[in-house]
Amino acid sequence: MTAVILGGGVSGLASAYYLVRNSSPFKRIILLEASDRLGGWIQTSRLDNGAIFEHGPRSLRPAGKGGKNTLSLATELGLSNDIIAVTRNHPSTKNRYIYMNKKLNRLAIGGGFKNTFYPQPPFSQSVFSMVIKELRAPVPDNDIEDESIHSFFSRRIGQEVADYLLDPVFRGIFAGDISKLSVKSCLPMDVLKIEKEYKSLMRGVIRRKEKDDDNEVYAMNDIMRATKERWSTWSFQKGMSQLSERLEDVIIRRGNVEIRKSTPCRGLEFDGDKVKVITDTESITADHVVSSIFSQDLSKLLGSPQEELSNLLNQITAVSCIVVNVEYKDYMSNIEGFGHLLPSSEDPCVLGVIYDSSTFKQHDAEKYVSSRYTMMLGGAWYDKLVDRLGDLKESTIQDYACKVLSEQLDIKTEPSNVVVTIQKNCIPQYFVGHSKLVESIDKCVSDNGLPLSLVGSSYKGVSVNDCINNAKLTLKQFDHGIKKVESPDAENIEKNSNV
Ligand SMILES: Cc1cc2nc3c(=O)[nH]c(=O)nc-3n(C[C@H](O)[C@H](O)[C@H](O)COP(=O)(O)OP(=O)(O)OC[C@H]3O[C@@H](n4cnc5c(N)ncnc54)[C@H](O)[C@@H]3O)c2cc1C
Ligand SMILES: C=Cc1c2[nH]c(c1C)Cc1[nH]c(c(CCC(=O)O)c1C)Cc1[nH]c(c(C)c1CCC(=O)O)Cc1[nH]c(c(C)c1C=C)C2
């Protein structure tokens, strides 16, 4: 049997890996990647001076099922010695800032008397009063299927928290507008269900027992290391591309996967239990297709009689971001932290700045002192940004970004390296009603008996962890048991039947 995987980003690569790692019915697997490289939004550049610029994802969380699974995957791939990690007590973990009223306001994340009982700018109320307000907030009588993040947190904790905390945080993840983003699909827990059951989000988060129904088999070495050393975030010595490059190596080494770059799929024609995968040069007859591409790109590949599915897929939208990587030679920042975010009320077009050198100093230039930053622009406010800039010439964007950086971080020196990357449709948006839309898509595929699996960031999670874990769980249907794994940690996979 033949499977075709559409897309060579981390979801497509993970799909291929899990199909070859486990015994599956597919003797032939073809991965089609439209561009000339693999990794998708994972894009790492290594400058001549040894500095690393990430134009997409730069960090992974160890927490949660997805976090555990990605650590397990790194172990299985033999990448343990290439992992670099930041612990929870590191300044880049403890210090996150909101840039508001033209100054940096450190987010009071970790307790303390002053932080708890006295208002911390930019908020006019203390954390303690926010907690009391949330515990006392009324619960709507009617069952709410879904709600915007702004609406939910405004009624639970107040508009100020929605506007000055949730707004920037979700601009920092989805680059999106919380008045449209779904509270059901964008948060790691079902807050509406928790509110209904416990009459308060705080009470529910404290009281509910995390069901440990995780029956997955994990390679434990790096999971145990991350737990023991209390990692907060991690990456790789040579950047995130090490993950996609190693996945490619291992997939090819396993033999029955053919990776075709610069080979876009141009169409899918379903015919009973077979599907014709059309490229510029041929039509591949497959028994199953795994699509990891953006839902609107998949929508365009479907002709009649798949109009219904095509229309549903087309309803999921994405935003575009401009990512500006900047390095300052012979400059040591005096601010340690993960970075700062801006509420849309402060400046809609500037989403935030990541202090890359504060998190991963290992990625700095080898031979001299320097500081690296990544500025994220646009997102749901992309059109406003284009209007403000006037044009999207690299020099226009570069001048603008460096001016903003110098204002917001008081940097007086000129940058030594700048890379501008325009990432079109890079972060899918999970608007109110997204989970119902995904259910309708899944139902349409199954009702029509289409040999099609949907993975990737369009549906159930935008983080790298979510993409990998969702690919693994989606393809479980084909999992006929783990093949002998040659990875250094193979015995651990067998031994640790549960975590
Ligand atoms: C700027 C930015 C910063 C981010 N930061 C983080 C972070 O710090 N941590 C984190 O966990 N996540 C982060 N993310 C999210 C994460 O990077 C993405 O969600 C994830 O990489 C998506 O992977 P994917 O494989 O699902 O999709 P993609 O990476 O989009 O891969 C899809 C692939 O399909 C190919 N393709 C498209 N059409 C076709 C076709 N017709 N035929 C064949 N191939 C096709 C594309 O070329 C692409 O290679 C960030 C994302 C962005 C954009
Ligand atoms: C300012 C814009 C953005 C920044 N990062 C992203 C955008 C759009 C993209 C992004 N960053 C993360 C993820 C994965 C989310 C997840 O579920 O793990 C995505 C899609 C990582 C991340 N970024 C922030 C948080 C709190 C997280 C989660 C995990 C972690 O702690 O590493 C917030 C944040 N993003 C940016 C900054 C400057 C920032 C906080 C100061 C940049």
Side-chain angles (χ1 to χ4, degrees), residues 4-15 31-43 54-64 66-67 70 86 92-93 95-99 107 109 168-176 186-188 232-235 240 243-244 260-268 277-279 291-298 300-301 318-323 337-342 350-356 359 373-380 421 423-428 455-459 461-468 470-471:
V4 173
I5 297 170
L6 305 186
V10 72
S11 299
L13 290 168
S15 300
L31 186 149
L32 300 179
E33 166 52 44
S35 72
D36 60 0
R37 57 174 289 278
L38 296 176
W41 295 124
I42 294 181
Q43 291 173 345
E54 297 283 9
H55 311 296
R58 67 221 45 244
S59 61
L60 296 157
R61 277 179 299 143
T70 306
V86 175
S92 68
T93 301
N95 300 339
R96 290 174 187 217
Y97 299 91
I98 302 286
Y99 185 85
L107 271 180
I109 299 173
V169 166
F170 283 90
R171 276 161 49 96
I173 294 178
F174 284 86
C186 295
L187 274 77
S232 158
T233 198
W234 60 283
S235 181
M240 291 291 290
L243 178 61
S244 45
R260 298 185 193 174
K261 299 174 191 173
S262 306
T263 310
C265 173
R266 298 293 189 193
L268 293 176
V277 181
I278 296 144
T279 71
S291 171
S292 74
I293 68 178
F294 172 41
S295 57
Q296 289 188 341
D297 291 337
L298 176 60
K300 296 185 189 96
L301 304 182
V319 293
S320 302
C321 289
I322 297 181
V323 180
F338 185 90
H340 68 259
L341 293 164
L342 287 83
V350 181
L351 301 169
V353 177
I354 302 159
Y355 308 160
D356 296 296
T359 308
Y373 300 89
T374 304
M375 179 175 289
M376 312 277 268
L377 300 164
T421 318
Q423 307 286 33
K424 294 293 281 179
N425 287 328
C426 64
I427 303 189
V455 299
S457 56
S458 299
Y459 312 101
V462 291
S463 72
V464 170
N465 288 343
D466 292 334
C467 290
I468 295 169
N470 291 336

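In listed order, ligands and their atoms are each counted from 1. For clarity, every value in this text was computed on a predicted model and none was experimentally measured.
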* **Minimal non-hydrogen separation, Leu13 against Gly39, with atom names** => CD1-N, 4.2 Å
* So, does Glu54 use its side chain to make a donor-acceptor pair with the main chain of Ser59 at under 3.5 Å? -> no
* To do: Taking all non-hydrogen atoms of both residues into account, name the closest pair between Val350 and Arg171 and its distance.
  => O-NH2, 2.9 Å
* Can you find a side-chain donor-acceptor pair between Thr93 and Ser232 that sits under 3.5 Å? -> yes
* Asked: Hey, does Val10 have a side-chain heavy atom less than 4.5 Å from the side chain of Met240?
  -> no
Using a 3.5 Å cut-off on N/O to N/O, what pairs does ligand 2 make with the protein? A line per pair would be great.
residue  : atom   : partner : partner atom : Å
ligand 2 : 5 (N)  : Gly172  : O            : 3.1
ligand 2 : 17 (O) : Arg61   : NH2          : 2.8
ligand 2 : 18 (O) : Arg61   : NE           : 2.8
ligand 2 : 18 (O) : Arg61   : NH2          : 2.9
ligand 2 : 23 (N) : Gly172  : O            : 3.4
ligand 2 : 31 (O) : Arg96   : NH1          : 3.3
ligand 2 : 31 (O) : Arg96   : NH2          : 3.1
ligand 2 : 35 (N) : Gly172  : O            : 2.7

Please tabulate, line by line, the atom pairs linking an N/O of ligand 1 to a protein N/O at a distance below 3.5 Å, with the distance in Å to 0.1, or answer 'none'.
residue  : atom   : partner : partner atom : Å
ligand 1 : 8 (O)  : Arg58   : N            : 3.4
ligand 1 : 9 (N)  : Ser59   : O            : 2.9
ligand 1 : 11 (O) : Val464  : N            : 2.8
ligand 1 : 19 (O) : Val462  : O            : 2.4
ligand 1 : 25 (O) : Val10   : N            : 3.1
ligand 1 : 25 (O) : Ser11   : N            : 2.9
ligand 1 : 25 (O) : Ser11   : OG           : 3.4
ligand 1 : 26 (O) : Ser11   : OG           : 2.7
ligand 1 : 26 (O) : Ser457  : N            : 3.2
ligand 1 : 29 (O) : Trp41   : N            : 2.9
ligand 1 : 30 (O) : Trp41   : NE1          : 3.2
ligand 1 : 41 (N) : Cys265  : O            : 3.2
ligand 1 : 42 (N) : Cys265  : N            : 3.0
ligand 1 : 44 (N) : Ala34   : N            : 3.1
ligand 1 : 47 (O) : Glu33   : OE2          : 2.7
ligand 1 : 49 (O) : Glu33   : OE1          : 2.8
ligand 1 : 49 (O) : Glu33   : OE2          : 3.2

* To do: Report the C-alpha distance between Val455 and Asn470 in whole Å, list the side-chain angles of each, state the deciding distance to 0.1 Å, and finish with yes or no for side-chain contact (heavy atoms from CB on, under 4.5 Å).
  => CA-CA 7 Å; Val455 299; Asn470 291 336; 5.8 Å; no
* To do: Please examine the side chains of Ser457 and Asp466, heavy atoms only from C-beta on, and report whether any two atoms are closer than 4.5 Å.
  => no
* **Asn425 CG to Gln296 CD distance, which is reported to the nearest 0.5 Å** => 6.5 Å
* To do: Return the orientation label for the Tyr373 and Tyr355 ring planes: parallel under 30°, perpendicular over 60°, tilted otherwise.
  => perpendicular
